[in-house]
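This report concerns only the one structure given below.
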Amino acid sequence: MITDELSRVIRMAVLSARDAGEYTLENADFEISLETPRNKLHGDYSCSIALAMKKMAGLNNSREIAEKILKYIPAASPILLRTEVAGPGFLNFYLKPEWLYETLRLIELEDIKYGTSSKMVGERILVEFVSANPTGPISVVNGRAAVLGDVLSTLLASQGAVVSREFYINDALNSLQLEKFSHTVLVRYMQEFGHSVIMSSSEDGGADTIEPGVQSSKAAADISPVVFPKDGYRGEYVRDIARGIVAESGDKFLKCSADERDAYFRQATLSRMVAAQKSALEAFGIHFDTWYYESELYSSGSVEKTIQQLKDLGYAYENDGALWLKSSELGDDKDRVLVRSNEKATYIAADSAYHHDKFERGFNHLINIWGADHHGYVARLKAGVAALGHDPQKLEIVLTQMVSLVRDGEAVIGGKRKGNVIELKEDLIDDIGKDAARFYFLLNSYDTPATVDVELAKKQSNDNPVYYVQYAHARLVNILIKAEEMGIQRMPGSKAALALLTHAAELELLRKLTDYPEEVASSARDYSPHRLTRFGMELASLLNVFYENCRVLPGADDPISKELTSARLALVNGARIVQRNLLNLLGISAPDKM
RNA sequence: GCGUCUGUAGCUCAGUGGAUAGAGCAUCUGUCUUCGGAACAGAGGGCCGGGGGUUCGAAUCCCUCCAGGCGCACCA
């Protein structure tokens, strides 16, 4: 890497100056940090070592220190054009363009692999995300966590880690929610056969309303009214599930025993809801390696086993008829109930068993993506994991800040039960497309609360920067196709006269391409995919500037030498590769035509 | 009350302790009709919530105050 080379040169100079008696240094143990100046007038790389040395060297004037160091930086160098002291004492380095040409050859050589690394080889990471309750569709709110988890997984894999994506289905038998959900579906099912439905008001003292049954030839003989469950699920998707069952089984469940019917509805509503979630996520380009059922933790006995284990390890005790986890000894602010006095295990017992199982499956690093409203559970889960003998540091909880929804300037409130769900697929993806939706969510850090105005998102879809980025890619492809049609052969970068690339637009573009691998690595390290999105926009901007200023193919009244055309074609191809690789990482298509 | 996240341009947000705080949208003004105009160039617009501190250097780290979001169950 060029930065390693530069650091070495600087270190040598600092030490040589000391040896020559320019200043004294207490120890030679110092960090050389190089940065890319925001302002390109400040060189290709900048080093603030002189400022940091002010104390170490016992001198007051850091500009003077910089001058002294500069004297020992070789003037003639294969990489350095010149070096200067600027501002309060920065050393600014201007590199020869040759090193930029070198990266162009590298991009061509590595192609699809350009931007990957092996920094995380040996890491086996399980990323668990979305894990929405199986009582409602994937909502727009889930969308943010979904795309974050997906792209984060891709990023980590690009650095050499083995990554698995997992969705945890809360289908535990002690969940009353599922009971209510399947009962709600049953009511809607009966409504399809002519039963009217009594809806009790959600407000205290409000009047009940009656929804008529569906009038059709298949109406049942007995159409006595049925009661909609209190706080049942009111969304339209509940009807869809009911209709699905009608289509598959007809009125079979009006005739069979209540036990048989309830058992079927329990199982069928769950599998249909999960299938619907799965397909909405697939439409968003998100594929999970594993769909993990909470119920399996119970049926396999692993919840019980985990509870016993905690007892054996001395991390569980009885009090008030319940079993408690000594989480306060493990970083939580109080102890938590593991098994209620009614003998039912709490979710923390299941979650401990679940995360224990994740480690048992051979993952050495767990990442969970949760909404910020769950932040209060972080400490107790870590405590559970620690009690079972795992390093809680290996369980990382990424909290995404809330997404609040606004529709036409008004806040959309209420959860799934009220049926106020804004569905990811139907209300967003179907309208603006997968690419724009993903880009929209990847624009900002997950750390800031986001406000999504659904109507505005649709309206702005034409101004969505994703098209700007994709357009730049399509333009590049178009040039390459056109060149082929004109019978111009593209030479490999190693053969082309790259030294002809001297225009500012070309050099800046090259520089950006050089920065790409470092940008991918730091986005993976900091879990910040949005930086890559921004990088894509900046790259697209540089591409358009290049396009505007540097004609590639010979035009009618625009003679361009064959050598320059071939050098520029090499640049176009390199830029195309980088833009495509970047879009691949984000799970957004890189179209040849738009 | 305790915990936690956030406060940056009219709006939505970037900003790896570094030099003159940036982008997109919106507003205004130009280029040009091209190898694809879904483009390019430019302008206006900021006590980086307030106040202390650490540092050679703070939007960034620490403390404090103010404002907002979220959470504080033998629910998941």
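Throughout, a chain's letter reflects where its sequence line sits, starting with A, and its residues are numbered from 1.
The nearest whole Å value for the distance from the CG atom in A:L338 to the P atom in B:C74 is 12 Å. Rounded to a whole Å, the CH2 atom of A:W370 is 15 Å from the P atom of B:G71. Rounded to an integer number of Å, the gap from A:R534 CZ to B:U12 P is 14 Å. Rounded to an integer number of Å, the gap from A:Y446 OH to B:C5 P is 11 Å.
Contacts of A:T448 with the nucleic acid, taken as non-hydrogen atoms under 4.0 Å apart, involve only primed sugar atoms and P, OP1 or OP2. Contact annotation for A:N92: base contact, defined as any heavy-atom pair under 4.0 Å involving a base atom. Counting any heavy atom pair closer than 4.0 Å across all strands shown, A:S445 reaches sugar-phosphate atoms only and no base atom. Using a 4.0 Å heavy-atom cutoff across all strands shown, A:N61 reaches no nucleic acid atom at all. Looking at heavy-atom distances under 4.0 Å, A:N549 makes no contact with the nucleic acid at all. Across all strands, A:H530 comes closer than 4.0 Å only to sugar-phosphate atoms, never to a base (heavy-atom distances). Within 4.0 Å of A:S62, counting heavy atoms only, lies no atom of the nucleic acid at all.
B:G52 and B:A59: their P atoms are spaced 14 Å apart (whole Å). Remark: the separation of the P atoms in B:G51 and B:A58 is 15 Å, to the nearest Å. With P as the reference atom, B:G7 and B:U16 are 12 Å apart, rounded to whole Å. With both ends at atom P, the span from B:C74 to B:U54 equals 45 Å, rounded to whole Å. Atom C1' of B:U60 sits at a distance of 11 Å from the matching atom of B:A21, rounded to the whole Å. When the P atom is compared between B:C25 and B:C63, the two are found 39 Å apart, to the nearest whole Å.
Salt-bridge check for A:E84 with A:R82: passed, with a basic side-chain N closer than 4.0 Å to an acidic carboxylate O.
Nucleotide B:C47 is matched to nothing when pairs are restricted to Watson-Crick or G-U wobble geometry with both distances under 3.5 angstrom. B:C40 is paired with B:G30 under the Watson-Crick or G-U wobble criterion, all donor-acceptor distances under 3.5 Å. Nucleotide B:C72 has B:G1 as its partner under the Watson-Crick or G-U criteria, with both atom distances under 3.5 Å. Across all strands shown, the partner of B:C25 is B:G10, judged by Watson-Crick or G-U wobble contacts whose two distances both fall under 3.5 Å. Checking B:A19 for Watson-Crick or G-U wobble geometry (two distances, each under 3.5 Å) identifies no partner in any strand.
A:F129 does not carry A:R144 over the face of its six-membered ring by the limits of under 6.0 Å from the centre and within 45° of the normal.
Between A:F535 and A:Y516, the angle of the ring planes lies from 30° to 60°, which puts this pair in the tilted group.
Atom CD of A:E484 is surrounded by 12 or fewer heavy atoms from other residues, nucleotides or ligands within 6.0 Å.
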inquiry  = Set out, in order, the CA-CA distance, both residues' side-chain angles and the distance that settles ring-ring contact (aromatic ring centres under 6.0 Å, His included) for A:Y292 and A:F167, then state yes or no.
reply    = CA-CA 6 Å; A:Y292 197 105; A:F167 187 115; over 10 Å; no
